[in-house]
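Everything below concerns the one structure shown next.
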Amino acid sequence: MPRVHTVKKARKDYPDVGIEKGDTYYWWQFRGSPVKRSKTYPNRNQLTQSGFLLELYDIEDTVAGMVDVDDLDDVLDRIDNLRDECQDSLDNM
């Protein structure tokens, strides 16, 4: 996971992410990748490049926001698919 840096006052505008001169923003960079910037602190999905963790975090966020129990079947299917992908990766090793 990359380290997230805070810039108190931007020295210039970054119009592609909506940062104006003087704004506070956060930046981080994966090894060998360009710098990423955001006006809000990045969520954990933005701080990983792992497909497994992206799916796992998405499942956790879905469970945390569940209101209706009917959505549980979809979550269980996604967990089963993730398990199958992990098993396939293990078998390939």
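In this text, all values refer to a predicted model and were calculated from it rather than measured experimentally.
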Pairwise side-chain contact, Leu82 with Ile59, heavy-atom cut-off 4.5 Å (strictly under): yes
Any chain of hydrophobic side-chain contacts (each under 4.5 Å) joining Val4 to Tyr14? no
Under 3.5 Å donor-acceptor, Asp13 side chain and Pro15 backbone: no
Should the pair Tyr41 and Tyr26 be assigned to parallel (<30°), tilted (30 to 60°) or perpendicular (>60°) ring geometry? perpendicular
Donor-acceptor contact below 3.5 Å, side chain Ser50 vs main chain Leu53: yes
Straight-line distance of Leu72 CG to Ile79 CD1, nearest 0.5 Å: 8.0 Å
Indicate yes or no: at least one non-hydrogen side-chain atom of Ser38 is less than 4.5 angstrom from one of Trp28. yes
Main-chain N/O of Phe52 paired to Glu55 side chain as donor or acceptor, under 3.5 Å: no
I'd like to know if Asp58 pairs up with Arg78 as an ion pair, taking the criterion as any Lys NZ or Arg NE/NH1/NH2 lying under 4.0 Å from an Asp or Glu carboxylate oxygen. yes
Nearest atoms (heavy-atom pairs only) where Glu60 meets Arg44: OE1-NH1, 2.9 Å
Closest approach of Gln46 to Phe30 (non-hydrogen atoms, all atoms of both residues): O-CZ, 3.6 Å
Mark yes or no for whether Asp23, through its side chain, and Glu20, through its backbone, hold a donor-acceptor pair below 3.5 Å. yes
Interatomic distance, SG@Cys86 vs CG@Leu56, rounded to 0.5 Å, equals 9.0 Å
Treating Ser89 as the side-chain partner and Glu85 as the backbone partner, does any N or O pair qualify as donor plus acceptor under 3.5 Å? yes
Working for side chain to side chain contact (heavy atoms under 4.5 Å, CB included), residues Thr48 and Leu54: CA-CA 7 Å; Thr48 186; Leu54 285 172; 3.8 Å; yes
Determine whether Val17 and Lys39 make a side-chain contact, defined as any pair of heavy atoms from C-beta on separated by less than 4.5 Å. no
Can a donor-acceptor pair be found, under 3.5 Å and without considering hydrogens, that links the side chain of Gln87 to the backbone of Asp91? no
Do Ser33 and Gln49 have side chains that approach each other closer than 4.5 Å (heavy atoms only, starting at C-beta)? yes
Just verifying a value: how many Å separate Asp61 CG and Asn45 CG, rounded to the nearest 0.5 Å? 6.0 Å
Note: Trp27 and Val35 closest approach over all heavy atoms is CE3-CG1, 3.7 Å
